[in-house]
2 protein chains.
Amino acid sequence: MEAGSDVDVCAKWSETLRVYHNTSCELENELQSRHELGLSEFEVLLILGRTCGDQAGGKAKMKDIEAEMYLSQSALSRTVTRLEKAGLVTRAACDFDRRANFLMLTPSGRERFEAAKPTHRAVLVKHLTDPGSSKRAEACS
Amino acid sequence: MEAGSDVDVCAKWSETLRVYHNTSCELENELQSRHELGLSEFEVLLILGRTCGDQAGGKAKMKDIEAEMYLSQSALSRTVTRLEKAGLVTRAACDFDRRANFLMLTPSGRERFEAAKPTHRAVLVKHLTDPGSSKRAEACS
DNA sequence: TGACATCCAATGCGCGTGCATGTAAGTTTC
DNA sequence: GAAACTTACATGCACGCGCATTGGATGTCA
(Lines give C-alpha, C1' and ligand atoms only; values in the text may rest on other atoms or scores of the structure.)
Protein backbone atom coordinates (compact mmCIF):
# COMPACT_ATOMS: atom_id res chain seq x y z
CA MET A 1 0.00 0.00 0.00
CA GLU A 2 1.77 3.08 -1.26
CA ALA A 3 1.21 6.59 0.08
CA GLY A 4 -2.20 8.11 -0.44
CA SER A 5 -3.90 4.77 -0.66
CA ASP A 6 -6.05 5.56 2.35
CA VAL A 7 -7.69 8.46 0.66
CA ASP A 8 -8.05 6.49 -2.54
CA VAL A 9 -9.67 3.59 -0.77
CA CYS A 10 -12.13 5.80 1.07
CA ALA A 11 -13.10 7.63 -2.08
CA LYS A 12 -13.53 4.36 -3.89
CA TRP A 13 -15.76 2.99 -1.15
CA SER A 14 -17.79 6.17 -1.13
CA GLU A 15 -18.30 5.89 -4.83
CA THR A 16 -19.26 2.25 -4.55
CA LEU A 17 -21.81 3.07 -1.86
CA ARG A 18 -23.27 5.83 -3.99
CA VAL A 19 -23.64 3.69 -7.08
CA TYR A 20 -24.91 0.69 -5.18
CA HIS A 21 -27.57 2.53 -3.22
CA ASN A 22 -28.83 4.69 -6.02
CA THR A 23 -28.99 1.81 -8.45
CA SER A 24 -30.50 -0.80 -6.18
CA CYS A 25 -33.08 1.61 -4.80
CA GLU A 26 -34.27 2.53 -8.24
CA LEU A 27 -34.18 -1.08 -9.37
CA GLU A 28 -36.29 -2.07 -6.40
CA ASN A 29 -38.78 0.73 -6.99
CA GLU A 30 -39.10 0.28 -10.73
CA LEU A 31 -39.36 -3.49 -10.61
CA GLN A 32 -41.89 -3.30 -7.82
CA SER A 33 -44.12 -0.65 -9.30
CA ARG A 34 -44.00 -1.81 -12.88
CA HIS A 35 -43.85 -5.57 -12.47
CA GLU A 36 -44.63 -6.37 -8.85
CA LEU A 37 -41.22 -7.91 -8.37
CA GLY A 38 -38.72 -7.37 -5.61
CA LEU A 39 -35.08 -7.15 -6.56
CA SER A 40 -34.19 -10.52 -5.04
CA GLU A 41 -37.14 -12.06 -6.80
CA PHE A 42 -36.07 -10.65 -10.13
CA GLU A 43 -32.54 -11.90 -9.59
CA VAL A 44 -33.80 -15.41 -9.06
CA LEU A 45 -35.79 -15.19 -12.28
CA LEU A 46 -32.68 -13.83 -13.99
CA ILE A 47 -30.68 -16.87 -13.01
CA LEU A 48 -33.46 -19.23 -14.01
CA GLY A 49 -33.79 -17.45 -17.33
CA ARG A 50 -30.08 -17.62 -17.96
CA THR A 51 -29.88 -21.27 -16.97
CA CYS A 52 -31.86 -22.46 -19.94
CA GLY A 53 -31.01 -20.04 -22.66
CA ASP A 54 -34.19 -18.46 -23.95
CA GLN A 55 -36.51 -21.38 -24.49
CA ALA A 56 -39.05 -22.88 -22.13
CA GLY A 57 -38.82 -23.83 -18.47
CA GLY A 58 -35.62 -22.68 -16.83
CA LYS A 59 -34.50 -25.18 -14.25
CA ALA A 60 -31.89 -24.98 -11.54
CA LYS A 61 -31.06 -26.38 -8.18
CA MET A 62 -31.58 -24.19 -5.15
CA LYS A 63 -27.99 -24.68 -4.09
CA ASP A 64 -26.71 -23.53 -7.46
CA ILE A 65 -28.88 -20.46 -7.36
CA GLU A 66 -27.72 -19.66 -3.89
CA ALA A 67 -24.14 -19.87 -5.05
CA GLU A 68 -24.81 -17.27 -7.71
CA MET A 69 -26.41 -14.64 -5.52
CA TYR A 70 -25.59 -12.67 -2.45
CA LEU A 71 -28.42 -14.07 -0.39
CA SER A 72 -28.45 -16.45 2.55
CA GLN A 73 -29.95 -19.89 2.18
CA SER A 74 -32.93 -18.93 4.30
CA ALA A 75 -33.59 -15.72 2.41
CA LEU A 76 -33.46 -17.60 -0.87
CA SER A 77 -35.88 -20.19 0.45
CA ARG A 78 -38.39 -17.50 1.34
CA THR A 79 -37.87 -15.59 -1.88
CA VAL A 80 -38.68 -18.75 -3.78
CA THR A 81 -41.75 -19.24 -1.61
CA ARG A 82 -42.95 -15.78 -2.63
CA LEU A 83 -42.29 -16.50 -6.29
CA GLU A 84 -44.10 -19.79 -5.97
CA LYS A 85 -47.12 -18.16 -4.35
CA ALA A 86 -47.17 -15.68 -7.22
CA GLY A 87 -47.18 -18.60 -9.65
CA LEU A 88 -43.95 -17.59 -11.35
CA VAL A 89 -41.92 -20.59 -10.35
CA THR A 90 -42.39 -24.23 -9.38
CA ARG A 91 -40.45 -26.36 -6.97
CA ALA A 92 -39.80 -29.86 -8.25
CA ALA A 93 -38.12 -32.67 -6.40
CA CYS A 94 -34.92 -34.13 -7.75
CA ASP A 95 -35.15 -37.84 -8.51
CA PHE A 96 -31.57 -38.61 -7.72
CA ASP A 97 -31.22 -36.63 -4.55
CA ARG A 98 -34.43 -36.17 -2.67
CA ARG A 99 -32.87 -33.57 -0.43
CA ALA A 100 -32.45 -31.21 -3.36
CA ASN A 101 -35.07 -29.15 -5.15
CA PHE A 102 -35.18 -28.06 -8.72
CA LEU A 103 -36.68 -24.73 -9.54
CA MET A 104 -38.57 -24.16 -12.78
CA LEU A 105 -39.90 -21.06 -14.46
CA THR A 106 -43.59 -21.31 -15.22
CA PRO A 107 -44.82 -19.80 -18.49
CA SER A 108 -46.26 -16.91 -16.54
CA GLY A 109 -42.92 -16.59 -14.78
CA ARG A 110 -41.05 -16.36 -18.03
CA GLU A 111 -43.52 -13.83 -19.31
CA ARG A 112 -43.13 -11.63 -16.26
CA PHE A 113 -39.39 -11.97 -16.44
CA GLU A 114 -39.22 -10.99 -20.10
CA ALA A 115 -41.38 -8.00 -19.35
CA ALA A 116 -39.17 -6.89 -16.51
CA LYS A 117 -35.85 -7.34 -18.29
CA PRO A 118 -35.96 -4.05 -20.19
CA THR A 119 -36.80 -2.16 -17.01
CA HIS A 120 -33.84 -3.75 -15.29
CA ARG A 121 -31.50 -3.00 -18.15
CA ALA A 122 -32.68 0.58 -18.44
CA VAL A 123 -31.96 1.32 -14.80
CA LEU A 124 -28.51 -0.22 -15.06
CA VAL A 125 -27.70 1.82 -18.13
CA LYS A 126 -28.95 4.97 -16.48
CA HIS A 127 -26.78 4.54 -13.41
CA LEU A 128 -23.70 2.81 -14.72
CA THR A 129 -22.96 4.88 -17.75
CA ASP A 130 -20.32 7.45 -16.97
CA PRO A 131 -21.52 10.76 -18.47
CA GLY A 132 -24.28 11.46 -15.97
CA SER A 133 -22.84 9.56 -13.04
CA SER A 134 -22.89 12.81 -11.11
CA LYS A 135 -24.22 13.98 -7.74
CA ARG A 136 -26.03 12.28 -4.95
CA ALA A 137 -29.48 11.06 -5.75
CA GLU A 138 -32.29 12.42 -3.63
CA ALA A 139 -33.50 9.80 -1.20
CA CYS A 140 -34.62 6.38 -2.13
CA SER A 141 -38.17 6.42 -3.28
CA MET B 1 -25.50 3.67 -26.03
CA GLU B 2 -23.13 2.06 -28.47
CA ALA B 3 -23.03 -1.64 -29.22
CA GLY B 4 -21.90 -3.93 -26.43
CA SER B 5 -22.96 -1.54 -23.72
CA ASP B 6 -25.49 -4.01 -22.37
CA VAL B 7 -22.87 -6.55 -21.57
CA ASP B 8 -20.61 -3.89 -20.13
CA VAL B 9 -23.33 -2.55 -17.93
CA CYS B 10 -24.25 -5.98 -16.60
CA ALA B 11 -20.68 -6.85 -15.87
CA LYS B 12 -20.17 -3.55 -14.15
CA TRP B 13 -23.24 -4.07 -11.99
CA SER B 14 -22.12 -7.58 -11.15
CA GLU B 15 -18.78 -6.28 -10.06
CA THR B 16 -20.37 -3.55 -7.99
CA LEU B 17 -22.59 -6.08 -6.24
CA ARG B 18 -19.64 -8.30 -5.54
CA VAL B 19 -17.52 -5.55 -4.05
CA TYR B 20 -20.39 -4.02 -2.13
CA HIS B 21 -21.58 -7.23 -0.52
CA ASN B 22 -18.19 -8.62 0.33
CA THR B 23 -16.97 -5.37 1.77
CA SER B 24 -20.05 -4.39 3.73
CA CYS B 25 -20.47 -7.88 5.15
CA GLU B 26 -16.95 -7.96 6.43
CA LEU B 27 -17.19 -4.40 7.70
CA GLU B 28 -20.32 -5.29 9.59
CA ASN B 29 -18.79 -8.43 11.07
CA GLU B 30 -15.48 -6.92 12.02
CA LEU B 31 -16.95 -3.77 13.52
CA GLN B 32 -19.49 -5.78 15.43
CA SER B 33 -17.18 -8.42 16.82
CA ARG B 34 -14.25 -6.17 17.58
CA HIS B 35 -15.98 -2.97 18.64
CA GLU B 36 -19.66 -3.75 19.15
CA LEU B 37 -20.63 -1.34 16.42
CA GLY B 38 -22.99 -1.84 13.53
CA LEU B 39 -22.01 -0.39 10.18
CA SER B 40 -24.63 2.35 10.29
CA GLU B 41 -23.57 3.20 13.79
CA PHE B 42 -19.95 3.47 12.76
CA GLU B 43 -20.87 5.66 9.83
CA VAL B 44 -22.65 8.09 12.10
CA LEU B 45 -19.58 8.24 14.32
CA LEU B 46 -17.47 8.76 11.22
CA ILE B 47 -19.47 11.80 10.24
CA LEU B 48 -19.42 13.17 13.77
CA GLY B 49 -15.70 12.61 13.93
CA ARG B 50 -15.14 14.33 10.62
CA THR B 51 -17.38 17.23 11.51
CA CYS B 52 -15.06 18.53 14.17
CA GLY B 53 -11.63 17.68 12.93
CA ASP B 54 -9.88 15.57 15.53
CA GLN B 55 -10.39 17.43 18.76
CA ALA B 56 -13.18 16.99 21.30
CA GLY B 57 -16.94 16.72 20.91
CA GLY B 58 -18.04 16.36 17.31
CA LYS B 59 -21.35 18.10 16.78
CA ALA B 60 -23.79 17.96 13.91
CA LYS B 61 -27.43 18.33 13.16
CA MET B 62 -29.45 15.22 12.48
CA LYS B 63 -30.58 16.61 9.15
CA ASP B 64 -27.02 17.22 8.04
CA ILE B 65 -26.01 13.71 9.00
CA GLU B 66 -28.95 12.28 7.17
CA ALA B 67 -27.91 14.15 4.06
CA GLU B 68 -24.51 12.52 4.18
CA MET B 69 -25.62 8.93 4.47
CA TYR B 70 -27.75 6.46 2.64
CA LEU B 71 -30.18 5.95 5.47
CA SER B 72 -33.78 7.05 5.87
CA GLN B 73 -34.69 9.63 8.47
CA SER B 74 -36.36 7.01 10.63
CA ALA B 75 -33.46 4.60 10.44
CA LEU B 76 -31.07 7.37 11.41
CA SER B 77 -33.26 8.30 14.35
CA ARG B 78 -33.14 4.75 15.65
CA THR B 79 -29.44 4.36 14.97
CA VAL B 80 -28.80 7.45 17.05
CA THR B 81 -31.03 6.05 19.78
CA ARG B 82 -28.85 2.96 19.86
CA LEU B 83 -25.68 5.03 20.00
CA GLU B 84 -27.16 7.13 22.77
CA LYS B 85 -28.11 4.08 24.81
CA ALA B 86 -24.57 2.86 24.42
CA GLY B 87 -23.35 6.19 25.74
CA LEU B 88 -21.37 7.05 22.63
CA VAL B 89 -23.36 10.07 21.61
CA THR B 90 -25.56 12.73 23.16
CA ARG B 91 -28.57 14.50 21.74
CA ALA B 92 -28.61 18.19 22.51
CA ALA B 93 -31.37 20.62 21.70
CA CYS B 94 -30.67 23.50 19.38
CA ASP B 95 -31.35 26.89 20.93
CA PHE B 96 -32.43 28.56 17.75
CA ASP B 97 -34.65 25.84 16.38
CA ARG B 98 -36.17 23.66 19.00
CA ARG B 99 -37.27 21.12 16.46
CA ALA B 100 -33.68 20.36 15.56
CA ASN B 101 -31.22 18.21 17.49
CA PHE B 102 -27.51 18.48 17.67
CA LEU B 103 -25.56 15.31 18.03
CA MET B 104 -22.35 15.19 20.02
CA LEU B 105 -19.68 12.57 20.46
CA THR B 106 -19.09 11.71 24.08
CA PRO B 107 -15.49 11.02 25.17
CA SER B 108 -16.32 7.34 25.25
CA GLY B 109 -17.82 7.70 21.77
CA ARG B 110 -14.68 9.27 20.41
CA GLU B 111 -12.60 6.60 22.05
CA ARG B 112 -14.66 3.81 20.53
CA PHE B 113 -14.57 5.51 17.18
CA GLU B 114 -10.80 5.95 17.19
CA ALA B 115 -10.43 2.31 18.11
CA ALA B 116 -12.67 1.20 15.27
CA LYS B 117 -11.14 3.40 12.58
CA PRO B 118 -8.18 1.12 11.84
CA THR B 119 -10.47 -1.88 11.56
CA HIS B 120 -12.63 -0.01 9.08
CA ARG B 121 -9.68 1.15 7.04
CA ALA B 122 -8.13 -2.30 7.00
CA VAL B 123 -11.24 -3.90 5.57
CA LEU B 124 -11.54 -1.24 2.90
CA VAL B 125 -7.93 -1.68 1.89
CA LYS B 126 -8.36 -5.44 1.78
CA HIS B 127 -11.35 -5.30 -0.52
CA LEU B 128 -10.72 -2.24 -2.64
CA THR B 129 -7.15 -2.75 -3.58
CA ASP B 130 -6.93 -4.26 -7.02
CA PRO B 131 -4.31 -7.05 -6.83
CA GLY B 132 -6.36 -9.53 -4.82
CA SER B 133 -9.80 -8.37 -5.90
CA SER B 134 -10.43 -11.88 -7.16
CA LYS B 135 -13.16 -14.47 -6.74
CA ARG B 136 -16.40 -14.61 -4.85
CA ALA B 137 -16.13 -14.54 -1.10
CA GLU B 138 -17.63 -17.43 0.73
CA ALA B 139 -20.85 -16.40 2.42
CA CYS B 140 -21.23 -13.50 4.74
CA SER B 141 -20.19 -14.49 8.20
C1' DT C 1 -26.98 -53.33 9.57
C1' DG C 2 -26.47 -49.66 12.91
C1' DA C 3 -24.35 -45.35 14.50
C1' DC C 4 -22.69 -41.00 13.13
C1' DA C 5 -21.45 -37.14 10.20
C1' DT C 6 -22.93 -34.40 6.34
C1' DC C 7 -25.98 -32.09 3.35
C1' DC C 8 -30.37 -29.61 1.62
C1' DA C 9 -34.10 -26.93 2.50
C1' DA C 10 -37.67 -24.90 5.76
C1' DT C 11 -38.75 -22.30 9.86
C1' DG C 12 -38.52 -19.65 14.53
C1' DC C 13 -36.58 -15.61 15.99
C1' DG C 14 -34.62 -11.03 16.48
C1' DC C 15 -33.04 -7.05 14.09
C1' DG C 16 -32.58 -3.03 11.08
C1' DT C 17 -34.93 -0.82 7.35
C1' DG C 18 -38.37 2.11 4.82
C1' DC C 19 -42.99 4.03 4.63
C1' DA C 20 -46.66 6.26 6.72
C1' DT C 21 -48.05 8.84 10.47
C1' DG C 22 -47.90 11.67 14.70
C1' DT C 23 -46.29 15.63 17.41
C1' DA C 24 -44.12 19.72 18.21
C1' DA C 25 -41.85 23.76 16.42
C1' DG C 26 -41.03 27.17 12.89
C1' DT C 27 -42.77 29.96 8.61
C1' DT C 28 -45.93 32.25 5.65
C1' DT C 29 -50.02 34.62 4.39
C1' DC C 30 -53.76 37.38 5.05
C1' DG D 1 -52.09 37.09 15.41
C1' DA D 2 -54.79 33.09 13.62
C1' DA D 3 -54.96 29.62 10.11
C1' DA D 4 -52.54 26.95 6.78
C1' DC D 5 -48.36 25.07 5.54
C1' DT D 6 -43.75 23.25 6.18
C1' DT D 7 -39.94 21.16 8.70
C1' DA D 8 -37.50 18.12 12.27
C1' DC D 9 -37.67 14.18 14.67
C1' DA D 10 -39.93 10.02 16.83
C1' DT D 11 -42.81 5.91 16.46
C1' DG D 12 -46.17 2.11 14.75
C1' DC D 13 -46.02 -1.21 11.49
C1' DA D 14 -44.85 -4.59 7.98
C1' DC D 15 -41.22 -6.66 5.60
C1' DG D 16 -36.93 -8.94 4.13
C1' DC D 17 -32.66 -10.42 5.93
C1' DG D 18 -29.19 -13.46 8.52
C1' DC D 19 -28.40 -16.76 12.22
C1' DA D 20 -29.48 -20.77 14.55
C1' DT D 21 -32.12 -24.79 14.64
C1' DT D 22 -34.80 -28.57 12.86
C1' DG D 23 -36.01 -32.52 10.07
C1' DG D 24 -35.50 -35.45 6.50
C1' DA D 25 -32.25 -37.67 3.00
C1' DT D 26 -27.43 -39.27 1.90
C1' DG D 27 -23.02 -40.91 2.66
C1' DT D 28 -19.53 -43.42 5.41
C1' DC D 29 -17.31 -46.58 8.31
C1' DA D 30 -17.17 -50.43 11.30
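Quick note on labels: first sequence line is chain A, next is B, and so on, each numbered from 1. Keep in mind that the numbers below use all heavy atoms, side chains included, and drop hydrogens, waters and symmetry copies.
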Could I get a table of every N or O pair under 3.5 Å where one atom is in the protein and the other is in nucleotides 21-28 of chain D?
| unit_1 | atom_1 | unit_2 | atom_2 | d |
| --- | --- | --- | --- | --- |
| D/dT26 | OP1 | A/R98 | N | 2.7 |

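A/T79 comes within contact range of the sugar-phosphate backbone alone, with a heavy-atom separation under 4.0 Å but no base atom that close. Looking at heavy-atom distances under 4.0 Å, B/L71 makes contact with sugar-phosphate atoms alone, never a base.
Regarding A/Q32, its CD atom lies at a distance of 17 Å from the P atom of D/dA14, rounded to whole Å. Between the C1' atom of C/dA25 and the NZ atom of B/K63 lies a distance of 14 Å, rounded to the nearest Å. Regarding A/L39, its CG atom lies at a distance of 15 Å from the C1' atom of C/dG18, rounded to whole Å. Here C/dG16 presents its P atom at 12 Å from CG of B/L37, a figure rounded to the nearest Å. We find that CD of A/E28 is positioned 14 Å from P of D/dC15, with the value rounded to whole Å. Between the P atom of D/dA10 and the NZ atom of B/K61 lies a distance of 15 Å, rounded to the nearest Å. We find that CZ of B/R78 is positioned 11 Å from P of C/dG16, with the value rounded to whole Å. Atom OH in B/Y20 sits about 13 Å away from atom P in D/dC17, given to the nearest Å.
Between A/F102 and A/K61, the closest side-chain pair of non-hydrogen atoms falls below 4.5 Å. Considering only heavy atoms from C-beta on, B/L76 stays 4.5 Å or farther from B/Q73 through its side chain.
Contact annotation: A/S72 side-chain N/O to D/dC19 OP1/OP2 distance is not under 4.0 Å. OP1 or OP2 of C/dT21 has not a single side-chain nitrogen or oxygen of B/S74 nearer than 4.0 Å. Taking 4.0 angstrom as the limit, A/N29 places none of its side-chain polar atoms (N or O) nearer than this to OP1 or OP2 of C/dG18.
One distance of note links CG of A/L48 with CG of A/D64; it measures 11.0 Å at 0.5 Å rounding. If you take CG on B/L45 and CZ on B/R112, they are separated by 8.5 Å, rounding to the nearest 0.5 Å.
For the segment residues 82-92 of chain A, residues with any heavy atom less than 4.0 angstrom from an atom of DNA chain D are, sorted by number, A/R82.
Mapping A/L76 and B/E41 onto DNA chain C by nearest heavy atom places A/L76 closer to the 5' end of the strand.
The residue from B/E30, B/H35, B/R34 that alone fulfils the side-chain hydrogen bond (donor to acceptor under 3.5 Å, both in side chains) condition with B/T119 is B/H35.
Annotation for A/T106 and A/G87: closest pair OG1-O, 2.8 Å, computed over non-hydrogen atoms.
Relative ring orientation between A/F113 and A/F42 is described as tilted, the plane-to-plane angle lying within the 30° to 60° band.
Other residues, nucleotides and ligands place no more than 12 heavy atoms under 6.0 Å from the CD atom of A/E36.
No side-chain donor-acceptor contact under 3.5 Å links A/T81 and A/R78.
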